[in-house]
2 protein chains.
Amino acid sequence: MVTMKEISAQAGVSVSTVSLVLNNRDKGRIKPRVAAQIRQVARDLGYRPNLMARSLKTSHTHILGFLSKEVATTPYAGPIILGAQDAASQYGYVIMTVSADDPRSSEETEISALERYGVDGFFLAEMSNRKAQVPSSLQNYPTVLVNATDGHPASSTTPNQIHHTGIAPDERLIGYDATMRLIHAGCTRIAYVGCSEPMLAEGLRLEGYKEALREAGLPFDSSLVTAVLNNGPALHSVRELIETQHPDGIFCFNDARAWYVYDTAARLGLTIGKDISVVGVDNHRIFAETLEPQLSTVELPHYEMGYWAACKLISMIEPERELDFSTSPRPLRATLPPLDSEGDVLIHCSLVDKNSVITQ
Amino acid sequence: MVTMKEISAQAGVSVSTVSLVLNNRDKGRIKPRVAAQIRQVARDLGYRPNLMARSLKTSHTHILGFLSKEVATTPYAGPIILGAQDAASQYGYVIMTVSADDPRSSEETEISALERYGVDGFFLAEMSNRKAQVPSSLQNYPTVLVNATDGHPASSTTPNQIHHTGIAPDERLIGYDATMRLIHAGCTRIAYVGCSEPMLAEGLRLEGYKEALREAGLPFDSSLVTAVLNNGPALHSVRELIETQHPDGIFCFNDARAWYVYDTAARLGLTIGKDISVVGVDNHRIFAETLEPQLSTVELPHYEMGYWAACKLISMIEPERELDFSTSPRPLRATLPPLDSEGDVLIHCSLVDKNSVITQ
DNA sequence: CTGTTAGCGCTTTCAC
DNA sequence: GTGAAAGCGCTAACAG
């Protein structure tokens with residue numbers, strides 16, 4: 001690793017001059033010719049600043065700590081991290097990841113590890129949308145929740161608790177949009193296959209479903225609603241729902257639950273997208289690549305949430321900095337909320353139309 | 001952040017004494033009473049070392065750089081990172097992640113970012129098993145490939161290229177074990193549903209399939225073999241294979257392809273695990289939680305590869321250090337190769353028996 | 001046994 | 001315009 005000292009020797013100037021020039025603070029201070037020469041030498045020697053040393057002085061590391069729960073078992077971590085990374089890398093930051101669900105070392109231990117490296121701020125990422133408890137050790141850091149909202153009420157009795165910014169899918173709108181899609185396709189007996197595990201998303205998507213029905217003047221019929229978990233029991237519940245209630249459209253809590261509809265349809269000789277319409281939630285790659293006909297589904301914007309969260313975090317760390325979504329390295333598949341949003345920020349998820357809804 | 005200086009003041013000793021004690025180098029040098037007092041003060045003040053400062057001095061950051069390709073679109077990143085993190089955290093390391101598939105910033109840029117932070121070594125992770133080209137900028141760092149092997153031949157004509165250690169699934173054995181499972185269940189017409197995309201795993205799993213057939217004295221019949229991609233076309237190929245060839249067992253390249261068998265079975269009124277047996281590869285959570293009957297499948301040990309790779313990397317950085325797999329925070333679902341393995345290390349994946357294979 | 005000193009690579013104030 | 005000097009928090013060689 002070549003240092004400023006070597007450059008200064010080579011260029012016959014002092015280290016401080018080198019520092020000034022390489023940090024572009026030379027305008028009107030250092031003679032242009034000298035500056036140019038220093039830059040040249042730096043380039044020739046392949047100089048790269050030692051960020052540890054810089055951080056020590058500036059106490060500003062440009063490291064963002066990414067703390068995630070349940071990475072082990074869910075497939076969503078990748079896209080969220082990637083989104084955060086893309087934004088970070090764009091603005092000269094880097095991400096240090098730790099997981100908060102190690103059965104042995106506690107969350108506090110992991111946070112502490114990141115603190116010792118002097119991270120400038122934290123992400124707290126959940127793998128399914130929930131109200132998260134922000135550890136008190138993060139109170140003094142810029143912190144953004146990803147796929148979560150702050151579980152600590154804003155108007156709390158414990159007054160010195162900060163209500164942290166968090167970004168999460170607008171679950172109610174997911175239910176509303178998905179159901180509306182079926183309504184607009186002409187479905188009139190629309191079932192909902194929910195999730196029997198307690199999840200924030202479940203109640204909200206169901207609400208959205210009801211709201212869409214109401215708005216369309218369709219009756220809410222609880223016998224068209226079921227909540228299932230996994231594998232056989234789930235499949236049987238869905239099969240029974242379809243066989244006894246004969247819905248013409250089904251809104252499923254997620255793509256996995258839509259699979260039960262596909263399987264049942266195959267068994268009953270029904271054609272998805274013709275005899276029965278289905279809308280899922282997730283647009284998970286695995287289902288997107290596998291199901292036939294392809295499933296119309298509301299995409300959960302994990303990449304986008306990661307991207308937004310990183311932009312938000314950077315803007316909290318450097319309030320004066322101008323950030324711009326339009327320069328994201330990958331296309332954003334959902335409209336990001338403005339960066340000055342605070343508190344619980346909801347993102348409107350896109351419905352991806354494929355072939356599982358009837359076309360009139 | 002409380003510093004050693006504050007502790008030294010509080011305890012009435014010099015900073016170097018504090019340093020000695022807090023790094024446990026005080027035995028036989030510092031009076032036990034003084035040492036104890038220093039430790040007490042440190043605890044009272046909640047001292048935590050500034051790792052940046054330490055690194056500056058020791059040029060040893062305890063940061064591992066994790067460089068991954070294709071994180072965007074695959075669900076495997078989480079488990080690999082988690083495995084690496086668990087090992088890292090256990091041995092006092094931390095992981096900095098960057099992705100090498102940003103369409104704009106190049107791999108070199110990302111590596112460079114990690115280098116500037118002084119990472120002690122690199123992971124190079126692929127999302128599907130392949131021969132990876134290790135960037136020349138990593139030649140001088142301890143580097144371990146994850147889910148990949150070094151694409152640069154060991155006996156190369158370019159002599160000063162190092163052949164890096166990489167860990168990857170033993171694909172041939174996957175094909176062999178899966179097929180053997182079907183053979184032992186009594187299947188005699190065993191089909192293979194492969195992947196039509198060029199992938200390292202495809203050829204090797206097919207080889208393992210053939211080898212198992214040969215060993216069992218079953219003929220290889222190319223009309224029982226197909227290679228498919230996604231969605232409709234894949235489903236139709238599988239359906240045709242089943243309808244024309246009537247296999248009694250099917251080894252599928254992965255769980256997703258097994259779904260085509262499930263769908264076809266549902267349509268034809270065949271019962272999986274009775275009329276027809278299926279073995280997949282992946283044990284992907286999404287299929288594990290969804291399919292009914294549950295799919296017997298060879299598990300790809302992403303967590304384990306990440307864990308092994310981190311242990312390997314740490315042992316390269318600190319050769320004298322004693323590492324021990326038995327202390328992993330999560331159960332290891334595959335037997336890890338010994339840590340002194342070099343070059344292309346293959347991991348024997350476990351076949352997870354569920355209910356998609358006939359029981360006699 | 002413990003303190004002094006120097007220095008890791010960089011930034012920044014203040015003299016010249 | 002440029003350099004000298006101090007110091008970020010820590011480690012380590014060397015004195016005492």
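In what follows, chains carry the letters A, B, and so on, assigned in the order in which the sequence lines appear, proteins first and then strands, with residues in each chain numbered from 1. Just so we're clear, the structure is a prediction, and the values are computed from it rather than from any experiment.
- With hydrogens and angles ignored, the 3.5 Å screen pairs no side-chain donor or acceptor of Asp120(A) with any backbone N or O of Leu64(A).
- Closest to the side chain of Ala53(A), out of dG9(C), dG3(D), dG1(D), is dG9(C).
- Considering only the side chain of Ser14(B), dG3(C) comes nearest among dT11(C), dG3(C), dT2(D).
- A distance-only check finds no donor-acceptor pair linking the side chain of Ser326(B) to the backbone of Asp324(B) [under 3.5 Å].
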side-chain contact (heavy atoms from CB on, under 4.5 Å) evaluation trace for Met127(B) with Ser68(B): CA-CA 8 Å; Met127(B) 292 305 134; Ser68(B) 69; 4.0 Å; yes
Nucleotides 12-15 of chain D: which of its N/O atoms have a protein N/O under 3.5 Å away?
none

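- The distance from atom CG of Leu22(A) to atom P of dT12(C) is 14 Å, rounded to the nearest whole Å.
- No side-chain donor from either of Glu6(B) and Tyr47(B) sits under 3.5 Å from a side-chain acceptor of the other.
- With 3.5 Å as the limit, one finds a donor-acceptor pair spanning the side chains of Gln40(B) and Asp44(B).
- Rounded to an integer number of Å, the gap from Ile38(A) CD1 to dC10(C) P is 14 Å.
- For the pair Glu6(B) CD and dC10(D) C1', the interatomic distance rounds to 14 Å; values are reported in whole Å.
- Between Phe123(A) and Phe66(A), the ring-plane angle classifies as tilted under the 30° and 60° cut-offs.
- Using modelled atom types, one finds no donor on one side chain facing an acceptor on the other under 3.5 Å when comparing Ser112(B) with Thr109(B).
- Atom NZ of Lys5(A) is separated from atom P of dG3(D) by 16 Å (rounded to the nearest Å).
- Nucleotide dC10(C) holds its P atom 12 Å from the CZ atom of Arg116(B), rounded to whole Å.
- In the set dT2(C), dC10(D), dT2(D), the nucleotide with an atom closest to the side chain of Ile30(A) is dT2(D).
- Atom-to-atom, CG of Leu51(B) to C1' of dC8(D) comes out at 15 Å; the value is rounded to the nearest Å.
- One finds a side-chain N or O of Tyr47(A) lying less than 4.0 angstrom from the OP1 or OP2 phosphate oxygen of dC10(C).
- Looking at the side chain of Leu56(B), the nearest of the listed nucleotides dG3(C), dG1(D), dG9(C) is dG9(C).
- The CZ-P distance, from Arg48(A) to dC10(C), rounds to 12 Å in whole Å.
- Residues that satisfy the side chain to side chain contact (heavy atoms under 4.5 Å, CB included) test with Arg130(A), not counting sequence neighbours, are Glu70(A), Glu126(A), Ser128(A).
- Among the nucleotides dC1(C), dT2(D), dC10(D), the one closest to the side chain of Thr3(B) is dC10(D).
- Summarising the local packing, CZ of Arg321(B) is surrounded by more than 12 heavy atoms from other residues, nucleotides or ligands at distances under 6.0 Å.
- In this structure, His62(A) places its NE2 atom 11 Å from P of dT11(C), rounding to the nearest Å.
- Comparing the axis of the opening five pairs of the helix from dC1(C)-dG16(D) to dC16(C)-dG1(D) with that of the closing five pairs yields an angle of 50°, rounded to 10°.
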